[in-house]
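Order of appearance sets the numbers: ligands from 1, and atoms from 1 within every ligand.
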Amino acid sequence: MKRLIASLSVAVACTVLAQAANAQTYPERTISVIVPFAAGGPTDTVARLVAEAMSRDLGQQVIVENVGGAGGTIGAARVAAAEADGYTLLLHHIGMATSASLYRNLSYDALNAFEYVGLVTEVPMTIIARPDFPADDLQGLIEHIKANADDVTYANAGIGAASHLCGMLFMSEIETQVTTVPYQGTGPAMTDILGGQVDFMCDQTTNTTSQISSGAVKAYATTSPERLEALPDLPTAAEAGLASMEFGIWHGIYAPKGTPAEVTQRLSQSLQVALEDPNVVERFASLATLPEPKENATPEALKAKLEREIARWKPLIDSAGVYAD
Ligand code: ASP
């Protein structure tokens with residue numbers, strides 16, 4: 001028995017030492033960041049910009065993998081079940097908080113299935129429509145929708161996506177429901193808006209700024225508290241009469257539960273470097289968003305934000321009564 005205990009403690013000590021050594025030499029190979037939406041969309045854009053800058057700091061490739069579907073919950077579930085070695089990460093947004101209340105049977109618990117790396121950025125949303133949509137301002141859009149509710153279509157990236165949340169708030173505000181068309185991400189949804197196959201959507205500025213500026217889509221309002229420097233002609237939703245539609249889509253980086261703290265700390269440091277990278281700052285500004293300040297690119301800040309946001313959205317989701325299995 002004594003011998004068994006001795007060899008067990010040697011085994012445990014070896015594992016602990018191996019983990020410590022791994023944490024010290026981390027990263028030794030390519031890191032995968034799962035984006036739970038389609039390529040070419042707004043979350044993908046944020047992830048690719050940050051991953052490139054983190055790659056330079058970490059001295060290893062940081063690649064983005066798109067695992068879309070079910071409003072971001074498929075990609076999140078994939079990371080929750082991945083090995084906790086620091087080589088599979090998740091970059092997700094506000095959907096991490098809303099899907100915790102929207103889904104009845106998630107395979108992971110948003111608050112307890114992950115280690116936290118840090119907050120990345122908070123992106124405003126914009127309400128846009130196909131280029132030939134017959135409404136030129138927010139009031140006109142609302143009137144047209146109310147008069148043609150059976151014919152109007154709304155694109156979103158599934159229950160739990162930011163576009164779903166924004167559409168849910170908008171439809172409840174104007175007390176009119178329209179048909180929703182779900183996509184794996186708003187990247188492919190934008191293609192259909194541009195092609196006129198679907199009427200309107202609410203999407204992050206990281207996907208819409210250039211299309212709005214070039215006049216390729218119609219734009220009605222932003223959910224930011226102030227007008228955006230990159231889109232100065234676009235009124236805020238509050239200015240246009242929808243005061244409840246003021247919110248931002250915050251993004252964070254997560255690792256599977258059990259990832260060593262040294263690893264998440266190293267990633268957090270690297271995220272802080274990436275967020276001050278001049279190219280990241282400049283590209284974010286051109287997409288009407290700002291990197292989070294250094295002190296928010298930490299595990300503690302992300303965990304606190306997720307806790308606050310789950311508590312913020314739960315009552316609203318419960319009162320809207322929208323659930324998914
Ligand atoms: N942000 C998602 C995307 O990247 C879409 C969404 O949340 O609505 O496609």
Taking 4.0 angstrom as the limit and counting only heavy atoms of [X], give me the atoms of ligand 1 inside it, by number and element.
X	answer
T186	2 (C), 3 (C), 5 (C), 8 (O), 9 (O)
Q204	1 (N), 6 (C), 7 (O)
A157	5 (C), 6 (C), 8 (O)
G185	9 (O)
H93	1 (N), 6 (C), 7 (O)

**Q.** Close approach of P42 to ligand 1, heavy atoms, under 4.0 angstrom
**A.** yes
Below 3.5 Å, N or O to N or O, backbone or side chain included: is there any such pair between [X] and ligand 1?
X	answer
S163	yes
A161	no
T43	yes

Distance only, no hydrogens: is a donor on one side chain within 3.5 Å (strictly under) of an acceptor on the other, for [X] and [Y]?
X	Y	answer
T126	T208	yes
T186	S163	no
E115	T264	no

Q. What's the verdict on ring-ring contact (aromatic ring centres under 6.0 Å, His included) for Y26 and Y87, showing C-alpha distance, side-chain angles and the deciding distance?
A. CA-CA 9 Å; Y26 173 85; Y87 292 98; 5.3 Å; yes
Q: Have a look at H144 and tell me which of F133, Y220, F200 forms a ring pair (Phe, Tyr, Trp, His ring centres under 6.0 Å) with it.
A: F133
Q. Parallel, tilted or perpendicular for H93 and F37, by the 30°/60° rule?
A. tilted
Q. Is R56 paired with E52 through a side-chain N to carboxylate O contact shorter than 4.0 Å?
A. yes
